[in-house]
> 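Below: one structure in structure tokens.
Here the structure is a predicted model, which is why all the values come from computation and not from measurement. First the proteins, then the strands, lettered A, B, ... as listed; each starts at 1.
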Amino acid sequence: MIPLSHFMIISAALFCIGLFAVLTKRNAIQILIGIEFMINAAILNFVAAGRFDRVAGGGQMFALFAIVLAAAGVAVALAIILNVYKHFRTINPDKIDTLKN
Amino acid sequence: MNHLLSFLVFLPLVAALVIILLPSGFRDRFKHIALGTSLIQFFVSVFIYLNFNNSAAFAGVNKESQFQFVEKMAWIRLDLGSIGKLEIDYLLGIDGFSMPFLVLSSLIMFVATLASWEIKANLKAFFALLLLLNTAVMGVFCALDFFLFYIFYELMLLPLYFLIGMWGGVRREYAAMKFFLYTLFGSVFMLLVIIGLYFSVLNPATGNHTFNMILMMDPGSYLGSSVFSSVAPQSLLGISARLLGFIVLFVAFAIKVPIVPLHTWLPDAHVEAPTPVSIILAGLLLKVGGYGILRICYSIFPDAAIQSAWWIGLIGVVSILYGALNALAQSDLKRLIAYSSVSHMGFVLLGIASGTAEGVSGAVLQMISHGGLSAMLFFLVGMLYNRVHDREIANFRGLALVMPQYTAFVVIAFFASLGLPGFSAFMAEAFSLIGAFTSQEVNGLLPRWMAICGSVGILLSAAYFLWTLQRMYFGQTRLKGGDKWLQQLKDVNTNEKFALVPLAILAVLLGIFPSLVFSKMNASVLAFIQLISG
Amino acid sequence: MSAEQLAFYFFASLTLISALLVVCMQNLVRSIFLFFVTIFSLAAMFVFALADFIAVTEVVVYVGGVLVLMLFAFMLSNKELLSGLQNIAGGFKFTHLAGLLICGGMLFLLVSAISAADVVNLSWIKNGQAISENDNTIHQIGIHTMTRYLLPFEVVSVFLMMALIGAAHLSRRERRS
Amino acid sequence: MMKDFIPYISISLNETINSLSFFYPEFALGLGFLLVILSDLFFAKKFPQLPAFVALLSTLFAGVLSFNMLKQSPVQLFGGMIVQDHLSTLFKLIFCFISILFVLFVRYHKDLQSSNKGTGDLFSILMAVQLGLNLMVMSENLLMVYLSLEMVSVGSYLMVGYLSNSPKQSEAAMKYALFGAVCSAFMLYGMSLIYSFSGSLDLFSAQFVSFLSTTPFFSWGPALIMMLIGVAFKLSLVPFHFWAPDVYQGAPTPVTAFLSTAPKIAGFGILIRLLAPFQPLSLSGIDNSMFSLTGVLAVTAIASMIVGNFGAIWQNNVKRMLAYSSIGHTGFMLMGLFIFSVSGFKAIVFYMVIYSIMNMAAFMIVDEVEEKTGKQDIDEYKGLGKSFSLLMIAMVVVLVSLTGLPPTAGFTAKFLIFSAAIEAYNSSGSGLIMTLIIVGALSTVVSLFYYFRIPLNAFLRKSDDPIIAFKNSPKSYISMFLVFLLLFFIIFPSAILGHL
Amino acid sequence: MDFLTFSANTLCLLSLIALVFPFSSFLVILQLKKSQGATISIFNISVSLIASLLVFINVWNSTTLQQQVEWFQVGTVSISAGILLNNLSVLMMVLVSAISLLVHIYSISYMKGDENIYKYWAYLGLFCFSMMGLVISDSLLLIYMFWELVGMSSYLLIGFWFTKDAASQAAKKAFIMNRIGDLGFLTGLMIIYSQFGTFDIGRLFNVGGLVDSASIINGFWISESASVPVIWLTIAGLAFFIGAMTKSAQFPLHTWLPDAMQGPTSVSSLIHAATMVAAGVFLLGRVYPLFDSIALNTITVVGVFTAFMAATIALTQNDIKRILAYSTISQLGFMIAAMGIGAYGESIFHLATHAFFKCLLFLAAGSVIHQLHHYKEHHSLEFNHQDIRLMGGLRKQMPIAFITMCIAAAALAGLPFTSGFLSKDAILITSFEWAEGYHGFKKLVPFVLVLTSWLTVFYIGRLIFKVFFGKSNYKGVKDAPWPMTRILLILAFFSLFPLFSVNPLSYDNSWLLQGFVPAGVKPFDIFHLLVPIIVTGISAIIVLISYKLYGGTATKQLPENGLLYRFSNRAWYLDRVYDLLFVRSITALSIISHKFDTLIVDGLVNSLAGLARIISDIIHWFDRHVVDGLVNGIASLASKTGDFARQFQTGKLQHYLITMLTLVVTFFIITYLI
């Protein structure tokens, strides 16, 4: 049996990789991928801990819902990104800065 | 009869609503509505004055049962669980301290309304705001519930901001904002102290926390563990909490008074404000500060007040001298008068700080007197400005030949202001100083030199007023605007006389019969002295 | 080291390496496909946590839904990607350094938090009722969905409906002239 | 195996059935959601305003149903997923109020009305968001928290980007969505950590708080903070506020008005729920001395007030200025949280009611001006006092109220918050809270500075533009009604306070 | 004379009538404007005079009356207002109303044709009212009030020709310098009030009154209610004295008085010679019991010095009114010095006699000025009609003026058969008697006074001779019209001895002095014989000398030239000695003291004013820049803060995220590390 802490450390690493993508990538879709990594890191935690929560089933149920929500979120985000592309002809978030002080 | 004070307070509000609702076709009637309102108020306040019981049994100050014309209604009751029940009353009432201000307010409002004949633009807004201001001022002098007081107190700011800002001079934006920020700065922190007091005080009758000012003056109603407890004083940031509360409240009111160095809003505001607003500012708003110090700072925190009396006295003296010296250096007539207000209000502080019956009586009389006189002075400046749109002292010379009656009023106002006996300012300043002088003997609060230094202010006031008189009004006529100005400089008209004469009469009456004020408030003064000397 | 562990660490490293590659890859198409690999290896790790249903869902939803969406999006906006991406990629920027520092700090933080917690010895893990390898997780999930998690389940339906309407609205050209 | 679960099934089903009667408002909203979709699909051509009407009606209906529950004693629903109590009902009523105003706002908003995609979708999104808001304030379970928060967030993204033909809105929506997604990912990860540490999702179970005592502070501290980041994002607290100015400026004005009120208020609701389990602990001293929850909140509140108020000084775009000011207001409201008792919540709720009235009114007026004249910058408001005298007077009252001065209800609200904070200081004597109070007071003074730039321009400055008398639209009448409420509630605050 | 005996109430009523009538003329005339000003005010002042006389008859030497009502109450203290009638006040009442009436009548002609004449009448009314009030008030507070009102009316009258810059400046100067004294008075009031809790003169200063019964124990001044260090007693005395100093123009606060001559001459005679300036002496008389030895010594020194200094200055003045003004100062110095040496009665006596003859001097000089002015206007000439160097020979053209002025001058010089002789002798003799008991500088006092009186003789002789002797330049100048000259005659009579004493050579028999100093109390000593003889003898010589110097023909030339001429012509040894010993050195001394006066004292005052200006400018600058700057600085700090916060709002999503996460991670790291 794999100890819970190993799952968690891997998930932490994944979370940070995702975060790095979010912070550095010059492409909205890649940022979105980074966010998905972060969410999946959390899901991994839930699933791993959920193993010890048989009665309430919280971890697995949460993971399930999280996957669904993430997917829906991606759909909405992509729709927005496409809209942005339509107007700005770019999806580099660095270049989309008409709203600022 | 039972709702006389409410009537006094809310009549202008009703009038303001009427003005707002009337179509613009009636724009020439607005001023008459406002004037009528202030006249009615004046008669009502005189009625109150005449029916005011000045016996010791009605001294007021810290005994609710001794207040007169009291109106009390439960207003806000909110169960806040652990904080307790919020108890805010609609509580109006007057004693010897507030009653004279009611009469003064209605008189000044009357004069200010007359002075607003000059306003030509946007009459509806102007008179509505003026009446709103009227309500606020009246409310401040009547309110005995701290929450209610604060609402009226803050309500004064808004109309003033617009009155200065919309009808003011060239730098009106700056002046209006400066005025607003200064006073708001003080009052926001005042709010914190109010809340702190609220948590410290219990109404023994109901067991709730309360905003009743009078209960706040009673050491017995404080909770032992509370911040402002007078039983077991707490300390806050290293200073005794009661002292800190006193200082905060004092600063809030002192900004209004104003004291040096919190006074710089005043010259700007006065200079930029249109005449009626200057009149109200100097005549009433500054008095709100002094009234607040008496009614609130001193009455609620007598211990801290005694503790800091020396400093307050010093501030008073510094204000007197500093304001006077500044006035001496002004080249703009209105600015000069504005600075003279700083100087004159210094006497109020000095008198109050003395903690003697003479000093306090003198201070209140000084407020009343300065209320009338500064209104008169600003009215006179306004007349000049109206005619030629200039106020530089150097641009005028020998006005006495051009406008003899006007000059006569100026002479009266100047001499009254510089404390010539026979006018109210003399009695007031003399008793403030006498109070300050006797203080060392009676209660040891102020050293004698303060009174003596303060009296130098009288000398300086003579210097700047007479110098102005000599430069502007005497000598051969020589005007910057030449013949054009000569045409424009018409002497006093009937309307203006209506405004000036009552003020002059007030100054003389109070100067010869100070008992008109003293007798009404004597009981209150004694009760007040009793309160602060423990 | 048992086979189970070996397999686990294999998938774990696969996950992390592929994720890293996704992040570092300049080419978007490649990184999207590497994302596919990461998801798969993640799903495999779910299985090690005895969550087979979740693993399947993950693969289905991500590969079937998310990935396809992303590819669509990529293709709809590829003109810019093909021309502009190369220029952006070059060089080490301030954001990279900042990102690296932040992520490093975060990693340090999380790892030390997790190790400090000593999760393996937590009382609820020791005393709690763990899912055994014989359990039918699909049954369990079904029961949970219909009882305890009925409300979230229903709410998610509304949520998805809303997301659907919204996304459709955004991508739709126009309805009325 | 299965047998383990059988007893639960019947209990759980019973609970579910019992819960239904307390869930009417949400049912009404769900029904409204469906009806709006249907009406949009089938009747939009003939009756373009039907979706709005349906949305209005169902919101009203939900409001009435919620109102009936005001006296209800607290009850847990759906097996502890959500709780129905007095506080949540109050929040729900506020949401209904805001939603009704929002529907009316949209109904009279030119851009949205003339959108060639219609407004039907917006109303259906609104209904779902409103459901999400209701659930947010009722949630007692991390899953519900996350779910409802995501629902509101996603709905908000959609609303911001609703007018897809405008580049500004797309940009705003993208920033909002990506920023929000990152924050919610943080939140999710924090939840996963907490779940790993505690083994429970149920905020009120004894097991949930146990992780505080079983794990060291180094572990739970970051986990908790990460979880709160999601809420802080919704509340636009510093330093999670960066999206707010950009999004508020870019979004359609009704949406901005909505975003600056409802989700924020719901954020407070959820914050109260999330912090509730930790409250007894922080009092009993388990709180680490360096890392106290109150300390973190106080610092955040102070930072929010400073950044919000000082940032607003330099803004020239009205909406942007209001965005910054709303950051400041959030920081201020956070002050009321410190006492963390029913009384403190009452103060916050009152503040929120007033805040939503003020904000809605402010944005309506700003929008009215923008529609009529195209002016968005404060500097351009020069001389508007003449053209829009009534509207600008209303604006002044609103701004006075936002500053927190009498005679407007904004003062009473501010007053109550200060009361709560001073009470908290009274009981704790914490210097941090005193600092907070002083910063709060100072920020009031600062706020005057920027709020009053509007009347300054509108009334004190003259413009060269010709004075045009504009006809007041229904929107301005609504805003004037709101202004009336602001004046009404200072005289009769009991009209609200009585129900708290 | 029973029908002239009144009850106490009636007397008070009468004195109120005397008080109120002039005031009513002030009010009425201002309302009526141009018409009937003279009639009304003369009627009113006559009523006032009659009332005063009636009161005088009843009160003088027979009773002391005090009646009061409660005025107002402050705290527990009741402040009363009332009337105090004793010898001093009734004498002053008569003096003031009588001289006022005369000046009023004189003014009818003198001020004829002035377009603002009604104001003149009104202001005179106000002055009489204030002066009356000052003398009959029974409360120090009331006295103070009237005291300032007197100053105010003086201000109005000095500045009556306000279009003249010099006049309005002189008015301002007078008022402001008087204010300095008022501050002293006020300080005295405060000390009295805090010590005794009342302003009532009766209760304070009566025999056995509060001041009397206050004791000095161990360096503390102890009254019924308070106890303060004894220094406050001295300060109180000095404070009142400062008040008196300004009103009575004592060194160094006297410079306003010469300037005040810018007003109409009738005003100068009434206010700045006869009445108002005597108010200081009157005040000293009122609060006399308060002075301790330090205060009295100060008073003496100041009085003596002023008397001497002013006399030396008067020697070289050429403006006729200025000479008289300095002479007034000098005479006031006499009175003050007399007060200081305890010659209370003598001082008042001199006050009364001085009032008449100085008034006469002014009015006579006024008639000269008036006539010359008319002459100047008539012939459209341009010259200074007040410069005595340009006058001369008027003796024949204006005989009445000449005679009356001579009488007045004789009185001033203290020549026998005049009232001045009596009062001046009284002071001189008393001072010698007083100096008997002392050593040191006090011995000098009588001698300086004597010297001063000789100087007086010289300068007044010079004036008379220059103006009336020699050759006339102005053909056709006549005596002033009858209404003016008859006043001169009346006053001339009053300046002679009969009004004051039956015996023209001894003041001891003077009824007036006996009203203050009980007769026969003082023993007759050698001074009573020696002093009059020596002083008068030398005075006579001085008169001759001055006649020699100035009574000649070369009046148009400057004095130096005239001296040289005579020196070379006659070459009198005595002339030369006089010239060297007295004229030159005294001229030099007078120039020096005048320089001191104008440069140092006035200069000090001016530079003080300048300093005040500079300070006020600095303060104003401070106000603008530092106080305001602080406020603006705070404002700019606020906006800087806002600017700083704003910088992070770049519009770039990832910048936002980086900032946000940097803060979060930093926060975590910090909490970890600590």
Side-chain angles (χ1 to χ4, degrees), chain C residues 105-106 108-132 134-137 139-177, chain D residues 1-2 4-5 8-9 11-13 16 19 30 33 37 44-45 77-79 81-82 116-118 121-122 124-125 127-129 131-132 135 141 143-144 147-148 150-151 154-155 157-159 161-162 164-165 173 189 193 196-200 207 210-211 214-216 218-223:
Chain C
M106 204 68 201
F108 164 72
L109 187 89
L110 289 177
V111 169
S112 45
I114 290 162
S115 45
D118 190 18
V119 276
V120 182
N121 293 322
L122 284 173
S123 62
W124 79 273
I125 287 174
K126 280 192 164 167
N127 308 332
Q129 211 179 353
I131 299 172
S132 70
N134 304 327
D135 276 341
N136 186 341
T137 49
H139 270 182
Q140 283 170 14
I141 286 171
I143 289 167
H144 282 316
T145 313
M146 282 299 121
T147 55
R148 196 184 173 95
Y149 295 95
L150 178 63
L151 178 68
F153 185 68
E154 293 302 330
V155 171
V156 155
S157 65
V158 177
F159 177 90
L160 288 175
M161 187 76 177
M162 176 192 75
L164 183 70
I165 292 172
H169 174 91
L170 290 182
S171 350
R172 198 168 62 203
R173 285 223 170 266
E174 56 191 37
R175 191 163 70 186
R176 302 183 192 109
S177 53
Chain D
M1 284 278 293
M2 280 291 291
D4 306 348
F5 291 99
Y8 292 121
I9 293 174
I11 294 171
S12 177
L13 284 177
T16 309
S19 304
F33 178 61
I37 296 173
K45 285 231 166 75
L77 306 179
F78 298 105
M81 276 289 148
I82 54 176
N116 46 24
K117 290 183 190 169
D121 293 338
L122 186 60
S124 39
I125 294 168
M127 299 316 285
V129 168
L131 183 60
L135 290 171
N141 186 295
L143 177 57
M144 281 312 293
L147 187 54
S148 51
E150 274 296 281
M151 198 156 161
V154 172
Y157 310 151
L158 290 169
M159 281 179 167
Y162 192 80
S164 44
N165 54 2
Y189 196 81
L193 283 180
S196 312
F197 296 152
S198 70
S200 171
Q207 201 191 340
S210 67
F211 77 91
T214 51
T215 54
F218 289 140
S219 311
W220 64 257

> Nearest 0.5 Å, please: how far is CZ in F159(C) from OG in S148(D)?
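S148(D) OG to F159(C) CZ: 10.5 Å, rounded to 0.5 Å.
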> Nearest 0.5 Å please: distance from the CG atom of L193(D) over to the CD1 atom of I114(C).
5.5 Å
> F33(D) versus chain C, heavy atoms under 4.5 Å apart: side chain, backbone, both or neither?
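Side chain of F33(D) only, per the 4.5 Å heavy-atom cut-off to chain C.
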> Please look at I125(D) and chain C and tell me whether the side chain, the backbone, both or neither of the residue comes under 4.5 angstrom of a heavy atom of that chain.
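Looking at I125(D), backbone and side chain both touch chain C.
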> Please flag which part of L131(D) lies under 4.5 Å from any non-hydrogen atom of chain C: side chain, backbone, both or neither.
side chain
> Where does Y189(D) contact chain C at under 4.5 Å (heavy atoms): side chain, backbone, both or neither?
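Only the side chain of Y189(D) comes within 4.5 Å of chain C.
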> Closest heavy-atom contact between A117(C) and F197(D)?
CB-CE2, 3.3 Å
> Need one label for V119(C): side chain, backbone, both or neither, based on atoms under 4.5 Å from any heavy atom in chain D.
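Side chain only.
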> Just how far is it from atom CD1 of I143(C) to atom CD1 of I9(D), taken to the nearest 0.5 Å?
4.5 Å
> Supply the atom-to-atom distance N141(D) CG to R148(C) CZ, rounded to the nearest 0.5 angstrom.
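CZ of R148(C) is found 7.0 Å from CG of N141(D).
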> Quick one: pull up OH in Y149(C) and CZ in F78(D) and give me the separation to the nearest 0.5 Å.
15.0 Å
> Give the intermediate values and the outcome of side-chain contact (heavy atoms from CB on, under 4.5 Å) for residues V129(D) and M162(C).
CA-CA 9 Å; V129(D) 168; M162(C) 176 192 75; 4.2 Å; yes
> Against chain D, label M146(C) side chain, backbone, both or neither, depending on which of its atoms sit under 4.5 Å from a heavy atom there.
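Just the backbone, heavy atoms under 4.5 Å.
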> L170(C) versus L158(D): any side-chain heavy-atom pair under 4.5 Å?
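L170(C) reaches L158(D) side chain to side chain.
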> Answer with side chain, backbone, both or neither: which region of M151(D) has an atom nearer than 4.5 Å to a non-hydrogen atom of chain C?
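Both parts, backbone and side chain.
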> Side chain from CB out, backbone as N, CA, C, O: work out which of these in A168(C) comes under 4.5 Å of a heavy atom of chain D, or both, or neither.
neither
> Side chain, backbone, both or neither: which part of I37(D) has a heavy atom under 4.5 Å from chain C?
side chain
> Go through the atoms of S198(D) and report whether side chain, backbone, both or neither lie under 4.5 Å from a heavy atom of chain C.
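Contact with chain C is through the backbone of S198(D) alone.
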> For L135(D), which atoms come within 4.5 Å of any heavy atom of chain C: side chain, backbone, both, or neither?
side chain
> For chain D, which candidate among I125(C), L110(C), N121(C), V156(C) shows the most heavy-atom pairs at distances under 4.5 Å?
L110(C)
> When you measure from the side chain of W220(D) to the backbone of A113(C), do you find a donor-acceptor pair of N or O atoms at a distance under 3.5 Å?
no
> Is it the backbone or the side chain of Q207(D) that comes under 4.5 Å from a heavy atom of chain C, or both, or neither?
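Side chain of Q207(D) only, per the 4.5 Å heavy-atom cut-off to chain C.
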> Provide the closest heavy-atom pair for A116(C) versus P216(D) in the form atom of the first, atom of the second, distance.
O-CG, 3.3 Å
